[in-house]
Number of protein chains: 2
Amino acid sequence: MNISLKEYISIFIHQTDLKITSCVKERLARFNLAPEQNLIMMLLWERDGRTQQELSEQLEKDKTNITRMLSSLEQKGFIKRIIETCDRRSTRIFLTEEGKALECHVIPLTDEFHRIITSGVTEEELAIVRRVLSKMRENVN
Amino acid sequence: MNISLKEYISIFIHQTDLKITSCVKERLARFNLAPEQNLIMMLLWERDGRTQQELSEQLEKDKTNITRMLSSLEQKGFIKRIIETCDRRSTRIFLTEEGKALECHVIPLTDEFHRIITSGVTEEELAIVRRVLSKMRENVN
DNA sequence: GTTTAATAGTTGCTATGGCAACTAAATATA
DNA sequence: TATATTTAGTTGCCATAGCAACTATTAAAC
């Protein structure tokens with residue numbers, strides 16, 4: 001083989017992502033929140049009443065994923081779907097009391113997690129990583 | 001919100017991974033190969049007759065995923081499962097002629113893809129990215 | 001030698017991710 | 001106004017990803 005699997009940076013990035021996600025999942029488990037569900041919650045804690053369309057754009061995810069994650073969050077009792085009266089195609093997503101109550105527990109945890117994974121990494125290195133990953137995203141477009 | 005979603009490096013890495021994977025998927029589609037299935041094929045092109053256990057370790061994936069990906073590759077006619085005679089618990093994976101024939105088409109494509117995503121990125125920057133991502137993987141363990 | 005452990009692989013479940021096709025509703029166009 | 005198009009959301013399908021629980025087989029312990 002000309003290039004070993006480990007040398008493909010794409011594979012390296014993918015495996016890193018899996019390891020990080022796995023750790024986040026573990027830490028969020030006690031709140032009954034999955035990692036990507038948590039991203040929706042973070043947007044809603046900032047401001048709820050967003051439409052699914054907005055969530056889809058802000059998280060750069062397919063709207064089908066948003067639908068399914070919201071169904072799960074709704075079933076868990078963290079959010080409510082309210083159909084928009086002036087445009088009955090859209091639904092606005094609101095936090096329940098239970099959903100609101102999670103914020104003060106989860107945010108410190110995600111902030112702490114960010115500190116943990118970046119520990120031993122300088123600001124300069126982090127900036128380079130961001131710049132290189134951005135460049136790669138441009139390259140594949 | 002104290003930290004914006006985009007500032008979490010974990011989210012940035014995840015979204016980059018998704019974009020890269022999506023592009024790889026698109027390019028491999030004409031060979032009827034999914035991205036992760038292709039990783040198995042790459043190992044088998046290097047040397048076939050590996051057990052599922054070996055594939056699982058080399059790709060750092062859960063053995064259940066290997067089982068399912070191999071079932072798909074078998075159904076497509078790219079690989080064969082042969083039960084090991086001296087240890088009937090293991091199966092050894094061999095390429096079919098059709099599976100072997102893919103190599104000379106796919107390898108140039110993956111190498112080209114590697115060049116594309118790393119274009120405009122210096123060797124030094126790439127080394128830093130690898131080092132930082134390695135550090136992050138250590139940090140979450 | 002029989003019981004117990006470990007090992008290899010499979011299946012079920014949940015969570016993600018995206019494409020295609022669909023419904024319902026609103027808007028644009030004729 | 002009636003038709004066509006666009007938009008918001010849902011469902012179906014397939015591909016990943018990993019945990020738990022299971023079967024079959026082998027190895028270890030007694």
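By convention in this document, chain letters (A, B, ...) are assigned in the order of the sequence lines, proteins followed by strands, and residues within each chain are numbered from 1.
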Is there side-chain contact between A/Leu109 and A/His105, with heavy atoms separated by less than 4.5 Å? no
Below 4.5 Å, heavy atoms only, C-beta onward: do A/Ile93 and A/Glu74 meet side chain to side chain? no
Atom-to-atom span, [atom1] of [X] to [atom2] of [N] - whole angstrom:
X       : N      : atom1 : atom2 : answer
B/Met69 : D/dG18 : CE    : P     : 9 Å
A/Gln75 : C/dT14 : CD    : P     : 10 Å
B/Ile83 : C/dG9  : CD1   : P     : 10 Å
A/Lys19 : D/dG18 : NZ    : C1'   : 12 Å
A/Asn32 : C/dT14 : CG    : C1'   : 12 Å
A/Ile11 : D/dT16 : CD1   : P     : 13 Å
A/Leu18 : D/dT16 : CG    : P     : 12 Å
A/Arg88 : C/dT27 : CZ    : C1'   : 17 Å

Would you find a donor on one side and an acceptor on the other, under 3.5 Å apart, between the side chain of A/Arg27 and the backbone of A/Phe113? no
Expected output: side-chain A/Ser90 to main-chain A/Glu84 donor-acceptor under 3.5 Å: no
Apply the syn/anti split at 90° from 0 to C/dA5 and say which one it is. syn
side-chain contact (heavy atoms from CB on, under 4.5 Å), paired with A/Glu36, selected from A/Ile40, A/Asn38, A/Leu39: A/Leu39
Base, sugar-phosphate alone, or nothing: which one does A/Lys61 contact when heavy atoms must sit under 4.0 Å apart? sugar-phosphate
With sugar-phosphate meaning primed atoms plus P, OP1 and OP2, does B/Gln37 contact a base, only sugar-phosphate, or nothing at under 4.0 Å between heavy atoms? sugar-phosphate
When the axes are fitted on five pairs at both termini, how much does the helix from C/dA6-D/dT25 to C/dA30-D/dT1 curve, in 10° steps? 20°
Verify the neighbour count for atom CZ of A/Arg88: are there more than 12 heavy atoms of other residues, nucleotides or ligands below 6.0 Å? no
If you count the non-hydrogen atoms of other residues, nucleotides and ligands that lie under 6.0 Å from CD in B/Glu60, is the total more than 12? yes
Side-chain N,O (A/Asn65) to OP1/OP2 (C/dT16) below 4.0 Å: no
A/Lys135 with B/Glu125: basic N within carboxylate O range, under 4.0 Å: no
Would you mind building the protein contact string for nucleotides 6-12 of chain D? One character per nucleotide, 5' to 3', B for base within reach (heavy atoms under 4.0 Å), S for sugar-phosphate only, - for untouched. BBSBBBB
More 5' along DNA chain C: B/Glu26 or A/Ala34, using each one's nearest nucleotide? A/Ala34
Regarding A/Glu54 and A/Thr51, is there a side-chain donor-to-acceptor distance under 3.5 Å anywhere? yes
